[in-house]
Amino acid sequence: MLRLRAFRPSGDKIVKIQVHPTHPWLVTADDSDHVSVWNWEHRQVIYELKAGGVDERRLVGVKLEKLAEGESEPRGKPTEAIRGGSVKQVSFYDDDVRFWQHWRNRSAVVEGPSAISQNSPAFNSPTPSTRGRHFLVICCENKAIFLDLVTMRGRDVPKQELDNKSLLCMEFLSRSAAGDIPLVAFGASDGVIRVLSMITWKLVRRYTGGHKGSISCLMTFMASSGEALLVSGASDGLLIIWSADHIHDSRELVPKLSLKAHDGGVGAVELSRVMGSGPQLITIGADKTLAIWDTISFKELRRIKPVPKLACHSVASWCHPRAPNLDILTCVKDSHIWAIEHPTYSALTRPLCELSSLVPPQVLTTTKKLRVYCMVAHPLQPHLVATGTNIGVILCELDARSLPAVAPLPSPSGSREHSAVYIVERELKLLNFQLSNTANPSLGSTGSISETGRPRVESTEPLVVKQTRKHISTPAPHDSYSILSVSSSGKYVSIVWPDIPSFAVYKASDWSVVDSGTGRLFAWDNCRDRYALLETALAPRMPVILKGGSSKKAKEAQAAAAAAAAAAASAASSATVQVRIILDDGTSHVLTRSIDGRNEPVIGLHGGALLGVAYRTSRRITPLAAAAISTQSMPLSGFGSSSFATTEDLKQAGAEAAPQNFQLYSWETFQSVSGLLSQPEWSAWDQTVEYCAFAYQQYIVISSLRPQYRYLGDVAIPAATGAVWHRRQLFVATPTTIECVFVDAGIAPIDLETRRRKEEMKAKEAQSRALGEHGELALITVESSEVAINERVSLRPPMLQVVRLASFQHAPSIPPFITLPKQSKIDGEDAINQKETEERKASEVAVAGGGVSVAVTRFPHEQKRPVGPLVIVGVRDGVLWLIDRYMCAHALALSHPGIRCRCLAAYGDAVSAVKWASRLGREHHDDLAQFMLGMGYATEALHLPGISKRLEFDLAMQSNDLKRALQCLLTMSNSRDVGQENATTDITEILNLTAAKQENLVDAVQGIVKFAKEFMDLIDAADATGQSDVAREALKRLAAAGSVKGALHGQVLRGVALRLANHGELTRLSGLVNNLITAGHGREAAFAAAVLGDNALMEKAWQDTGMLAEAVLHAHAHGRPTLRSLVQSWNEMLQKELEHKRTVKTDAAAAFLASLEDPKLTTLGEAPKKPPIEILPPGMASLSAPPLTIKKPGSGPPPLSLNQSQPTKPLLLEAPSTTTPTPSVATGEQQSNSVSTSDTPSSSAAPKDGTEAPPHEIPESPTELREGSQIPKQADSSVTPAGTEVPQTLKDVTETSHTLKAGIDTPQPTAEAPVSFPSSTEPAAL
């Protein structure tokens, strides 16, 4: 419950302390008059100042500023050089302080039973007056220091300007009237209150005739009539009430009422808000008493002595749901914070906490005891209490996660009145609330413009709520901290008192008790009226340590407390989780006595679609480990039918830091459905069981549950206290803000698979149903021409968008440049800024056609969050309802079009969202369209009138509206007139065009090039959905741009050629071939020419891009007359690559693969020295030798087939022959290898010295040598599969060619089947 939030050690006693309401700032003053401003969230000092004496830094700074402005040394003594004296009070002042001071006074009065509490006008916030400045005000005896924390410039007001009286205390006066200037009242040593203007820095009025002693405290509050009052306490013991409403009256004011409060003087005064009654004043005095006063009759209600023999020096009103009976905090010079229970009734004082147990032990020495000298409770976050001690500043946090004891009930359909049940002081009560019938400006229902010139949808004032409280006859058995929850049907309400421990389940219709018992943990099922509870044996209650007991009694109390703790521990270890269900007749039935889980004690239950049980782990959890728990993703493995095995790495990553102590169970089978997880602080499940949220210290992890568990992401919302789902909206409350998370799971592959399975199941069911009705005749299908429309379902990532709805702070404003000494410049700036503000207000009214006011901001200004811990009721009547600790309902408007459109889209009503978008400025339509696209409403987002063309194209593609996507592309690329039949890009006609048309054509081509990828995507989408007309129109533009030389490059040209060929656009394809050739895409150009059927163009494409091997094979396969010239060009290119290096052994397959690579052109210096190489297609005679004569078959050994290669490289130059070789072929080849013919020298007689072959001989096979292709000498000879030795030098190649010729000229034996060449018309196999 209690923990140390921040600690700042100090060597001096901290005697004054104050906290800023919205920023994490603490200002303290020690007994040496050193003032420091500390950021307790980031643990850093913002500013330090020696206020009591003369601060040399400020003095030097002021002198430098005046010298920089050209001013001479002042004649008199500067005010910064005046010694301040002892610091009496420190405080912050800015727009936030002013607003929340006014809010506190107003809300305290609203609790009263007078007429102002109910149908009152809306609360009007004070007009911002400090213009973004944050003042630190220090009240010293001799002067008041006003320091701006933004510009770090200050203003000193010496006591000489305030009638030369010592200043002892101060209070800020403000009203909500327009044009109000900030005033500060100083209580002086002569009993007079003097009011200073913070604009003119002049004395404006005095309060006299009241006190006869020095004034010690000042405070403003509001009377039940709405009048602003000022109360002062002084050393004469009097408490005097003054009127603070006379803003412009400069005369001296006399007191309204004088009360004798304390003997010896009044120490401090505080305002207390009381639930269901008017505000009360709390005073402490030197007589060691605490008095409580009624602000309506101003009578004393109660006087007590909180701590005997010690006087209270600080008092604070307190209202925390964890301690519902404690209303006042006070402290004396010991180490405790004391709390007063029911101050007007029992007034029992108990220690709230022992501060010495919170601070680090090394800070406390054995001789130094902790003493508290001042205390302040945070005005907006009651769980934070700051104390100033003799060892430093201690900021403690008291259970920030506890929520008010209230539970909203479901509203009847059609009813505008909503209700919630809450418990206070052993009484069940019903809170009924609804929006007031008066026009709420923030609802935006009329859409008109208010008198101030601002659209009503822009209003940031809170909505007017009408609420009543009713008493329920059924009493509550306990008055301690309680937790309320409602079943899924809303018929039953459970109340758990964890400190007792006890629970009770009530029927909401008649408030009868359905079930009760001893239990401290309780959780409802999200789908049925079923609940789980941790039933424990009743442990003895821990005794309360009363104030001022003797040491013997204290020891006895400690022993009893230890015994109670041991009993509670044993009871907790023996506790089991039971599951019960409420039957239709209203009786509870036990489903299971215990869930078969783990042996560790249960420390938490989480309800929802699954039952979550948290166990106590054996090892200690450090704060660092707790932070690591919140940063990891949720490894929810094995949920439902899925096997989410990828979370094992997440488990291993978090195993060292976070304990896995949380198990999910099924409500039906009571079996675990997941592995061990990290325990969340709370969980929220969607009513439709589609989404769930697990909250950790720094993050909220959001997951999708259907069709299987899927982790969507986490949002960085730290310290969240609770949340409520509303379809795809998660409304989250934190101690300082209200956030809305818009969630969409997107489309994952598992969704498509699930959809396909469902469709298959439906088809099977329909088939079985038809089979049952019509018999086997239903299985007969008649083929008919069905028009299949292929719907493209694209995957969509999950979307999480966080919008802040409310916070404590004002909208940030930019402070002007301030020159405090020059008063005229200040006034001029005020006038200028006021004029700018009016102009800005006027410009915010953007009226659409029809007189509808249009919001000019993307999101509304942050509304004011109600103070303290909140329970989120949910969205009803178009507003978000909240209930605070005082059981007051608050409504946050969701009417701003930026929010309303998103809420409607998340709820599933995208059509209404588009209608509401007419009230949103068109510059924000792109942002809204992106949101709707993420939510899966691309088609509806297309109807937003203000979206850009680029986004409109994306939306049209997502929604398969390809015609609209085409129109967007034509507009963006400025190519509407390009590619038509009458338009051309022929160079002669381009030159004849006018300059304007030429410029338009150039812009169009540039636009098409810029959006080429989008054009290609559009063509593919159109092809996939059968919209050929759209694809053809897009192809026209791309072909027109492609026909311009150099416009399109690389893959785009290739893609255009393929798509033109696919669509049969032969005319445009022919214009594209030359550009493909220029770009070096020989294959694509040849493919395009092949589609056109132009063999000459194919050869030109290959020849111009250096792909001569393909050109030779093509010409050979088709018997082209250009074969000889192509072979010559190919061999010349190969010859250019041959250099004087060691030759390497190669084969036909490797040489052909090398021919597919880009040729490297080398120097031609040594080319004449080498005889040319001849690589010929099969069956082609040598280019230089005389033509060969082929003799009749049967007269010689069989030839060596040129299409045989090594078995490890099966790549062929030709298609394999249809003739199947017999084993006799190999025999004949072996004979041809052993018998040498007369006209062909044997390969063994070939020279081995590397002499080059004559140019007229044929190499072994048609080949193209690889890079640096030489044939090196080998000591050994390789044998081909046919038994032929592979020649080792270039001369060996020529000798082998003679052998081949001899084989061709020699007739074959008739007994052996010849191996013939493939037909010349058969293309080569690549």
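Quick caveat: nothing in here was measured; it's all calculated off a predicted structure. We're numbering straight along the sequence, starting at 1.
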Practice prompt. Could you tell me which residues satisfy side-chain hydrogen bond (donor to acceptor under 3.5 Å, both in side chains) with Trp725, sequence neighbours excluded, listed by chain and number?
Written response: none
Worksheet entry | Thr518 side, atom OG1; Arg520 side, atom CZ - distance, nearest 0.5 Å | 11.0 Å
Discussion item. Side chains of Val867 and Asp884, heavy atoms from C-beta outward: is any pair under 4.5 Å?
Written reply: no
Worksheet item: Hey, does the side chain of Ser666 reach the backbone of Gln671 with a donor-acceptor pair shorter than 3.5 angstrom?
Response: no
Fill in: Backbone N/O of Ser402 and side chain of Tyr481: donor-acceptor pair under 3.5 Å
no
Worksheet item: Hey, are Glu600 and Arg616 close enough for a salt bridge, meaning a charged N less than 4.0 Å from a carboxylate O?
Response: no
Fill in: Ile702 side, atom CD1; Tyr711 side, atom OH - distance, nearest 0.5 Å
9.5 Å
Practice prompt. Using a strict cut-off of less than 4.0 Å between a Lys/Arg side-chain nitrogen and an Asp/Glu carboxylate oxygen, indicate whether Asp686 and Arg706 qualify as a salt bridge.
Written response: no
Worksheet entry | Heavy-atom side-chain proximity of Leu409 to Leu430 below 4.5 angstrom | yes
Worksheet item: Leu352 and Trp318: side chain to side chain contact (heavy atoms under 4.5 Å, CB included), yes or no, with the steps?
Response: CA-CA 12 Å; Leu352 183 68; Trp318 198 55; 4.1 Å; yes
Discussion item. Testing Tyr531, Trp685, Phe503, Trp667 one by one against Trp524 for a ring pair (Phe, Tyr, Trp, His ring centres under 6.0 Å), which residue passes?
Written reply: Tyr531
Discussion item. Just so I know, are the side chains of Arg530 and Val579 near enough to count as touching, which here means a heavy-atom distance under 4.5 Å?
Written reply: yes
Item to complete: Could you tell me the separation between the CG atom of Leu882 and the CG atom of Leu892, rounded to the nearest 0.5 Å?
Response: 4.5 Å
Discussion item. Taking His418's backbone N and O only, do any of them form a donor-acceptor pair with Arg876's side chain (distance below 3.5 Å, no angle check)?
Written reply: no
Worksheet item: Under 4.0 Å between a Lys/Arg side-chain N and an Asp/Glu carboxylate O for Arg322 and Asp499?
Response: yes
Practice prompt. In sequence, state the C-alpha distance, the side-chain angles, and the governing distance for Phe662 and His606, and then conclude on ring pair (Phe, Tyr, Trp, His ring centres under 6.0 Å).
Written response: CA-CA 10 Å; Phe662 185 67; His606 295 258; 5.2 Å; yes
Worksheet item: Where the side chain of Asn325 meets the backbone of Asp479, is there a donor-acceptor pair that is under 3.5 Å apart?
Response: yes
Fill in: Check: Thr754 side chain, Pro707 main-chain N or O, donor-acceptor pair, under 3.5 Å
no
Worksheet item: Is there a donor-acceptor pair under 3.5 Å between the side chain of Asn661 and the backbone N or O of Tyr615?
Response: yes
Discussion item. If we ignore hydrogens and angles and just use 3.5 Å, is the side chain of Arg469 paired with the main-chain N or O of Met887 as donor and acceptor?
Written reply: yes
Worksheet item: Are side-chain N/O atoms of Ser703 and Tyr709 paired as donor and acceptor at under 3.5 Å?
Response: yes
Item to complete: Please indicate whether Asp585 has more than 12 foreign heavy atoms, meaning atoms of other residues, nucleotides or ligands, lying under 6.0 Å from its CG.
Response: yes
Discussion item. Please check: side-chain N/O of Gln467 versus main-chain N/O of Ala889, any donor-acceptor pairing under 3.5 Å?
Written reply: yes
Worksheet item: Hey, are the side chains of His383 and Pro735 touching, using non-hydrogen atoms and a 4.5 Å cut-off?
Response: yes
Discussion item. For Phe670, is the CZ atom crowded, meaning more than 12 foreign heavy atoms sit under 6.0 Å from it?
Written reply: yes
Item to complete: Determine yes or no for a side-chain-to-main-chain donor-acceptor pair under 3.5 angstrom, with His478 supplying the side chain and Ser502 the backbone.
Response: no
Item to complete: For side chain to side chain contact (heavy atoms under 4.5 Å, CB included), just list the numbers for Gln381 and Thr736, CA-CA rounded to whole Å, side-chain angles, deciding distance to a tenth of an Å, and then say yes or no.
Response: CA-CA 8 Å; Gln381 303 178 55; Thr736 55; 3.2 Å; yes
Worksheet item: Quick check: does any side chain N or O of Thr592 sit under 3.5 Å from a backbone N or O of Ile595, one acting as donor and the other as acceptor?
Response: no
Worksheet item: How long is the span from the CD atom in Gln663 to the OG atom in Ser672, to the nearest 0.5 Å?
Response: 4.5 Å
Fill in: CZ/Arg426: more than 12 non-hydrogen atoms of other groups inside 6.0 Å
yes
Practice prompt. Could you please spell out the steps behind the salt bridge (charged side-chain N to carboxylate O under 4.0 Å, His left out) verdict for Glu739 and Arg865?
Written response: CA-CA 10 Å; Glu739 317 271 358; Arg865 181 197 186 277; over 6 Å; no
Worksheet, complete the sentence: dist Leu730:CG -> Leu800:CG (nearest 0.5 Å) comes out at 10.0 Å
Practice prompt. State, with a plain yes or no, whether a side-chain heavy atom of Tyr696 is found less than 4.5 Å away from one of Asp714.
Written response: no
Practice prompt. Please determine if Asp515 and Arg580 form a salt bridge, counting it only when a charged side-chain N lies under 4.0 Å from a carboxylate O.
Written response: yes
